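The block underneath contains the structure these notes are about, expressed in structure tokens.
Every value quoted in this text rests on a predicted model; they were computed, and no experiment measured them. The figures that follow rest on heavy atoms only: side chains count, while hydrogens, waters and symmetry mates do not. Just so we're on the same page: letters track the sequence lines, and every chain starts at 1.
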Protein chains: 2
Amino acid sequence: MSDRVTAELAARLPAGALLTDPDSVARYAHDDAEWAPFGKPLAVVRPTRTEDVAAVVRVCAEAGVPVVGRGAGTGLSGGANAVDGCVVVSFEAMNAILEINPREQLAVVQPGVVNDDLRAACREHGAWYPPDPASSPWSTIGGNVSTNAGGVCCVKYGVTRDYVLGLQAVVGGGDVVRLGRRTAKGVAGYDLCGLFVGSEGTLGLVTEITVKLLPGLRAPERTVVGSFDSLAEAGEAVAAVAAGGVVPSALELLDKHCLEAVDAWKNMGLSAEGNVLLLGRSDTPGEAGEQEVDALLRCFDEAGATWSARSTDQHEADALFAARRLAYPALERLGPVLTEDVCVPRADVPEMLRRIEEAARRHDTHIANIAHAGDGNLHPLIITPPGDDAARQRAQRAFDDIVDDALSLGGTVTGEHGVGLLKRKGLHAELSPEVVAMHHAVKNALDPHGIFNPGKVFGTP
Amino acid sequence: MSDRVTAELAARLPAGALLTDPDSVARYAHDDAEWAPFGKPLAVVRPTRTEDVAAVVRVCAEAGVPVVGRGAGTGLSGGANAVDGCVVVSFEAMNAILEINPREQLAVVQPGVVNDDLRAACREHGAWYPPDPASSPWSTIGGNVSTNAGGVCCVKYGVTRDYVLGLQAVVGGGDVVRLGRRTAKGVAGYDLCGLFVGSEGTLGLVTEITVKLLPGLRAPERTVVGSFDSLAEAGEAVAAVAAGGVVPSALELLDKHCLEAVDAWKNMGLSAEGNVLLLGRSDTPGEAGEQEVDALLRCFDEAGATWSARSTDQHEADALFAARRLAYPALERLGPVLTEDVCVPRADVPEMLRRIEEAARRHDTHIANIAHAGDGNLHPLIITPPGDDAARQRAQRAFDDIVDDALSLGGTVTGEHGVGLLKRKGLHAELSPEVVAMHHAVKNALDPHGIFNPGKVFGTP
């Protein structure tokens, strides 16, 4: 059967769109979630047009072959991992920015456009697309939409779903549909557009995205830094910022392990600055922005910062945020990283950080912490020496404990990375059986052939 | 059968919760959409607890009796109108504010809480709930959620869905479920919470709502007024504001018919001010706010305003916005109002206003215009003399033409009021058959008994 499927695909697709040689196929078999299992794709398709995507879905629906969509493969939960015998649809060649319209405050893009490329293009038109995942130099808008990606400025500006106005998608057995709208408001029917955002490819393949822009260039940001002896003290500072009603444009946490990993790679001398750094920003113009900066520094100091300062050097400030962005790849150099993504109420950030440290001690594991701290979105990263199976088992137990702790604090198992494969058990712990049943009902209703990214999100782990 | 159903309800509900006498039942038979048909309910239930709602749904699911949820009945599309033999569930007695938590920037409310009451309570806690439909003194958060209500400040702050973090709802055959979250971010599963927002009671009954708040009190607003000879000139000013990248905190339009109706009722002397008024506001603090005000006035003047001014008298400014809020009830005093709610791209506001005037002339109808103009969300209100059937037929034709015009400009048939009964034909014109089929699939999946507000939104007109 698989030969027939690849023959059908070859017949319907433009030359060069279909890859079946083992090396190519292997390159598209998984995303960046090093711990998640993956299968062997039957083939990879790199479509250049929506019609190509529709053709793939028609062939696969007919044959009952799974279809797994894929952006840049920077996902951290295994959401884009291949299942055996699937067709991977990689959107890298559908990377055109179709429209940037500052007057209507929107842009229309193909899914393969890299996040930073869209933001740069908007800037040229005097507009701003806020969502900025740490992967923004590499990850694509299509992937961002599939996971409802968050990012650094989300603490003030919200997440990807808040900026998706409309979608074109290939659904069902190959229908091309438009969901959502181009107008500022609209309530004609169910919010199927919002439903597709964050659905991790389980409801269809997104082939075009209309995003909302903010008018004007982003205001310049002021940067503050606080250094803390302990995670708990840094957590108290985060809780104090929330309690004070301050909304920074970024509030990021980096612990010693991250700082050392970046230093080891890029020699930036960060780990000399302290055990735990909080990086805060304000983009509020004028006197109000000054007051926000003062409030952030006050929160840092009152929580016990060993030092805190406003950065007067833009180059230095940008380097700190670049280090934040590099922390994940820097840690990956040390060994396979098991990535957490819990999100807890802001007031519980210190308690959650304490529990993460306890989990590390209890299970004798190495856990580095990066966090979108202002959102309560923590990324404890569990690092194991390559090839150490006992360490992997301990890491998995720490991972499970952290998930349980987040839920017991009223949090969620995934703030922005998505469920993919790694958080399926957590999903079932977070949602009631009735809500899981609603998920299955929606999935079956919109994917009657059961071909779109099967087994992900709420499949059985 | 109906006797058995009311007997079952009486047995399961607290004393006083069930109403079956004809006068009471008639009072709950329809919302404020004067043109929409409505049926005769079997009974009305005023629950005080989620358990009561679950009991009603269990009885109705078993008996196959329709359930129609209802807030304050201020809806303008017939979404809360009874169908024959249904049970109306009115949430007026579930009006407790359960939690206001400025630190986590959220509030938890029962669905019957009046919008302005929530906003006042938030103010006391130093927080702000932005969504402000014109009906805010009367409409409830539950109703706002069901229609994904917009409002005056949406042009800057977004609509109800942008503020709903989580819901408790009674679904299926009477299951009580929690959708969404309390954390700042979260991507665990499909956005079923967002799907319920704006679903107009067709997927279940919402019994508790967790909304996002903005920290701090709202900044004071500066108000500007522009007077124009024609709708088209006012529309050009609106398009110029969008083209200039200015984001006012309100940009409302009121035409002569509205001004005269308010004058006739409240004797405010507004119609002496001009044919068409634009009311603009900026809540940006400091110098940036001054620049926004200047930019608004410049846009007004360049589009041909006969006069424009910054209001220096807060009392006068508030009176103008109060007049905006009163325009709809003022017009209702003149005769049955057929309410339009189209939303078009901002650049097409002048063209859409021209087409509305043409439709009024072509069909010899009386059309008053209010608009959330800055969003492109227009409310042409077609007024007919009571009892004039020929005028009603002309009004319906004008209504249909306006819907067609909005769609031809890339707009939507409903910006914020919902589809209800009045926009069902428009919905089918706006959405492709494949997307309508997706709606039916989702509806059937989540409402397997087919009891929740049947016939609304995408039912056959």
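- Proximity to chain B (any heavy atom under 4.5 Å) is shown, for A/Thr284, by neither the backbone nor the side chain.
- Ranked by heavy-atom pairs under 4.5 Å with chain B, the first of A/Glu434, A/His439, A/Arg178 is A/His439.
- If you measure heavy-atom distances from A/Val159 to chain B, the contacts under 4.5 Å come from the side chain alone.
- Across A/Leu431, A/Val241, A/Leu446, A/Thr414, the residue that shares the most heavy-atom pairs under 4.5 angstrom with chain B is A/Thr414.
- When A/Thr202, A/Asn444, A/Asp162, A/Val155 are compared by the number of non-hydrogen pairs under 4.5 Å with chain B, A/Thr202 comes out ahead.
- For B/Ala242, the parts sitting under 4.5 Å from any heavy atom of chain A are the backbone and the side chain alike.
- If you measure heavy-atom distances from A/Asp375 to chain B, the contacts under 4.5 Å come from both the backbone and the side chain.
- Heavy atoms of A/Leu179 lying under 4.5 Å from chain B belong exclusively to its side chain.
- Proximity to chain B is absent for every atom of A/Val436, based on heavy atoms less than 4.5 angstrom apart.
- The CG atom of B/Leu195 lies 6.5 Å from the CG atom of A/Leu192; values are rounded to the nearest 0.5 Å.
- Both the backbone and the side chain of A/Pro345 have a heavy atom closer than 4.5 Å to some heavy atom of chain B.
- For B/Val457, the part lying near chain A is the side chain, with the backbone staying farther off; criterion is any non-hydrogen pair under 4.5 Å.
- Counting heavy-atom pairs closer than 4.5 Å to chain A, the top-ranked of the candidates B/Gly245, B/Gly426, B/Gly411, B/Gly186 is B/Gly186.
- Looking at A/Glu430, its side chain never comes within 3.5 Å of a backbone N or O of B/Ala188 through a donor-acceptor pair.
- Chain B forms the most heavy-atom pairs under 4.5 Å with one residue out of A/Ala239, A/Gly374, A/Gly189, A/Gly410, and that residue is A/Gly189.
- Per-residue counts of heavy-atom pairs under 4.5 Å with chain B were compared for A/Glu287, A/Arg103, A/Lys185; the largest is that of A/Lys185.
- Contacts between A/His372 and chain B at a heavy-atom distance below 4.5 Å involve the side chain alone, from C-beta outward.
- Counting heavy-atom pairs closer than 4.5 Å to chain B, the top-ranked of the candidates A/Leu203, A/Val171, A/Val246 is A/Leu203.
- Taking chain A as the reference chain and counting heavy-atom pairs below 4.5 Å, the highest number among B/Gln105, B/Lys423, B/Arg182 is found for B/Gln105.
- Checked by atom type and distance alone, the side chain of A/Glu416 never pairs as donor or acceptor with a backbone atom of B/Val187 at under 3.5 Å.
- Across all non-hydrogen atoms, the minimal contact from B/Cys343 to A/Ala184 is SG-N, 4.4 Å.
- Using a 4.5 Å cut-off between heavy atoms, A/Arg346 touches chain B through backbone and side chain atoms alike.
- Nearest heavy-atom pair across B/Pro215 and A/Val247 is CG-CG2, 3.3 Å.
- Both the backbone and the side chain of A/Asn148 come within contact range of chain B, judged by heavy atoms closer than 4.5 Å.
- In terms of heavy-atom pairs under 4.5 Å with chain A, the best-connected choice from B/Gly216, B/Ser199, B/Ala347 is B/Ala347.
- Looking at B/Tyr190, both its backbone and its side chain come within 4.5 Å of chain A, counting heavy atoms on both sides.
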